[in-house]
Amino acid sequence: MTIDISDNGQVRTLSINRPAKANALLASDVAALERAVVGASEDCRVLVFTGTGGRNFSAGMDLGTFQGVSETEARGIIAGIGSLLRAVRHAPQISVVALEGACIGAAFELALAADLRVAHVEALVGLPEVKLGIPSVVDAALLHHYVGLSTAKEMLLTGEPKTAGELAHTGLINKTVPRERVVTVAAEWADELAALPAPAIREQRALIDEWLNVSLQSAVDQSINTFGRMFRSGETSENVLRYTASRG
């Protein structure tokens with residue numbers, strides 16, 4: 001299988017295992033990743049995405065995927081990618097992507113859909129689709145939120161990649177570490193994140209997604225409703241007391 005799944009406590013690690021092809025994805029891999037995301041157990045708190053081989057996270061979709069396809073087939077392929085990315089964005093788990101190396105095309109869209117990114121400074125990220133004669137779509141729409149409109153336009157219209165180091169000032173990469181430490185740091189961070197209160201994380205992730213799609217006032221109103229709803233359960237009060245005690 002191209003997608004390796006490893007469950008360790010409350011962390012599920014999904015590794016793209018096709019190093020001979022720069023971890024390029026087949027349509028079947030996209031479906032397998034979505035099944036692995038949606039199929040995570042209720043105990044799972046964090047999803048970590050990695051690429052095997054130490055050189056590439058993923059080169060994106062295998063170029064053979066789009067050769068000779070019809071309009072209907074093209075829609076089906078991109079819909080499958082969109083479905084995976086939506087599953088990542090809407091998952092109850094925090095998602096972390098570990099970028100040891102190149103993260104291109106659909107793989108970069110996966111990194112954008114995820115919550116957090118750990119990378120080596122020389123790891124290349126980019127959306128080269130225009131060079132193939134097609135536009136970047138689906139979660140490429142998130143790029144300007146991370147890097148600003150000017151840089152997003154440059155990357156989308158030229159198709160040229162940038163290093164994680166070049167984009168460090170934008171906040172796209174949450175942690176920049178040596179290449180040999182990328183996966184380890186992502187795993188350590190995942191363990192820390194897994195210890196956070198699951199209901200609060202689930203609601204916070206839902207709110208973040210909501211804020212991207214509604215007006216400011218709607219976002220505020222939804223936040224108030226969510227905040228109040230959290231106190232229906234005694235678990236929230238217990239978490240507040242526990243945190244207060246730990247600070248004392």
Side-chain angles (χ1 to χ4, degrees), residues 1-8 11-42 44 46-115 117 123-143 159 161 182-183 186-187 190:
M1 290 183 63
T2 304
I3 307 302
D4 295 336
I5 304 171
S6 174
D7 292 312
N8 183 12
V11 177
R12 166 165 282 199
T13 301
L14 310 175
S15 299
I16 306 169
N17 188 2
R18 202 184 180 209
K21 296 291 185 178
N23 291 329
L25 295 163
L26 302 172
S28 57
D29 300 325
V30 172
L33 279 170
E34 182 176 356
R35 289 194 299 271
V37 170
V38 175
S41 73
E42 292 185 2
C44 181
V46 184
L47 301 170
V48 178
F49 295 89
T50 71
T52 61
R55 294 182 57 193
N56 300 283
F57 175 72
S58 170
M61 296 302 295
D62 188 293
L63 293 181
T65 303
F66 298 105
Q67 292 179 2
V69 300
S70 66
E71 178 181 349
T72 299
E73 290 169 331
R75 286 180 182 274
I77 293 168
I78 201 64
I81 297 171
S83 183
L84 163 62
L85 302 179
R86 184 166 55 252
V88 173
R89 282 189 281 106
H90 293 174
Q93 299 88 3
I94 298 173
S95 47
V96 181
V97 177
L99 306 179
E100 289 181 286
C103 179
I104 304 298
F108 186 37
E109 291 171 28
L110 173 60
L112 293 171
D115 297 311
R117 286 149 295 278
L124 285 174
V125 298
L127 296 162
E129 284 83 347
V130 291
K131 292 185 175 183
L132 305 177
I134 54 178
S136 295
V137 293
V138 288
D139 281 39
L142 290 170
L143 181 60
V182 170
V183 173

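Residue numbers count from 1 along this sequence. Remember, predicted model here, so these are calculated numbers, not experimental data.
- In this structure the side chain of Val137 never reaches within 4.5 angstrom of the side chain of Glu129, judged on heavy atoms.
- Scored by the side-chain hydrogen bond (donor to acceptor under 3.5 Å, both in side chains) test, Arg12 finds Asp7 as partners (sequence neighbours excluded).
- Remark: Phe108 CZ to Ser136 OG distance equals 10.0 Å, nearest 0.5 Å.
- The two residues Pro161 and Ile104 come nearest to each other via the heavy atoms CB-CD1, 4.5 Å.
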For residues 18-28, please give each side-chain donor-acceptor pair under 3.5 Å, one per line with the distance, not counting sequence neighbours.
from  : atom 1 : to    : atom 2 : distance (Å)
Arg18 : NH1    : Ala24 : O      : 3.2
Arg18 : NH1    : Asp62 : OD2    : 2.9
Arg18 : NH2    : Asp62 : OD2    : 3.3
Asn23 : OD1    : Arg18 : N      : 2.8
Asn23 : ND2    : Thr52 : O      : 2.9
Asn23 : ND2    : Asn56 : O      : 2.9
Asn23 : ND2    : Phe57 : O      : 3.3

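- Between Ala113 and Asp139, the shortest heavy-atom contact is CB-OD2, 3.2 Å.
- In this structure, Arg117 contributes its side chain and Leu99 its backbone to no donor-acceptor pair below 3.5 Å.
- Two residues are said to be in side-chain contact when any heavy atoms from C-beta on lie closer than 4.5 Å; Glu109 and Leu127 meet this criterion.
- The CZ atom of Arg86 sits 12.5 Å away from atom CD1 of Ile81, with the distance rounded to the nearest 0.5 Å.
- Looking at heavy atoms from C-beta onward, Leu110 lies in side-chain contact with Val88 at the 4.5 angstrom threshold.
- The two residues Val37 and Ala87 make their nearest non-hydrogen contact at CG1-O, 3.8 Å.
- Taking both residues in full, the closest heavy atoms of Ala40 and Leu47 are given as CB-CD2, 4.3 Å, listed atom of the first, atom of the second, then distance.
- For Glu71, the side-chain hydrogen bond (donor to acceptor under 3.5 Å, both in side chains) partners two or more places apart in sequence, or in a different chain, are Arg75.
- To the nearest 0.5 Å, atoms CZ (Phe66) and CD1 (Ile78) are separated by 5.5 Å.
- From Asp4, atom CG reaches atom CG of Leu14 across 9.5 Å, with rounding to the nearest 0.5 Å.
- Contacts classified as side chain to side chain donor-acceptor pair (under 3.5 Å) and involving residues 92-105 (residues at least two apart or in different chains) are given here: Ser95-Asp115.
- For the pair Ile16 and Ile3, the minimum side-chain heavy-atom distance is below 4.5 Å.
- The side-chain hydrogen bond (donor to acceptor under 3.5 Å, both in side chains) test applied to Ser41 returns no partner, not counting sequence neighbours.
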(message) side-chain contact (heavy atoms from CB on, under 4.5 Å) for Leu63 and Leu132? Distances and angles first, verdict last.
(response) CA-CA 9 Å; Leu63 293 181; Leu132 305 177; 3.9 Å; yes
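- Residues forming a side-chain hydrogen bond (donor to acceptor under 3.5 Å, both in side chains) with Thr13 (at least two apart in sequence, or on another chain): none.
- Residue Gly82 comes nearest to Val138 through the heavy atom pair CA-CG1, 3.9 Å, listed as atom of the first residue, atom of the second, then distance.
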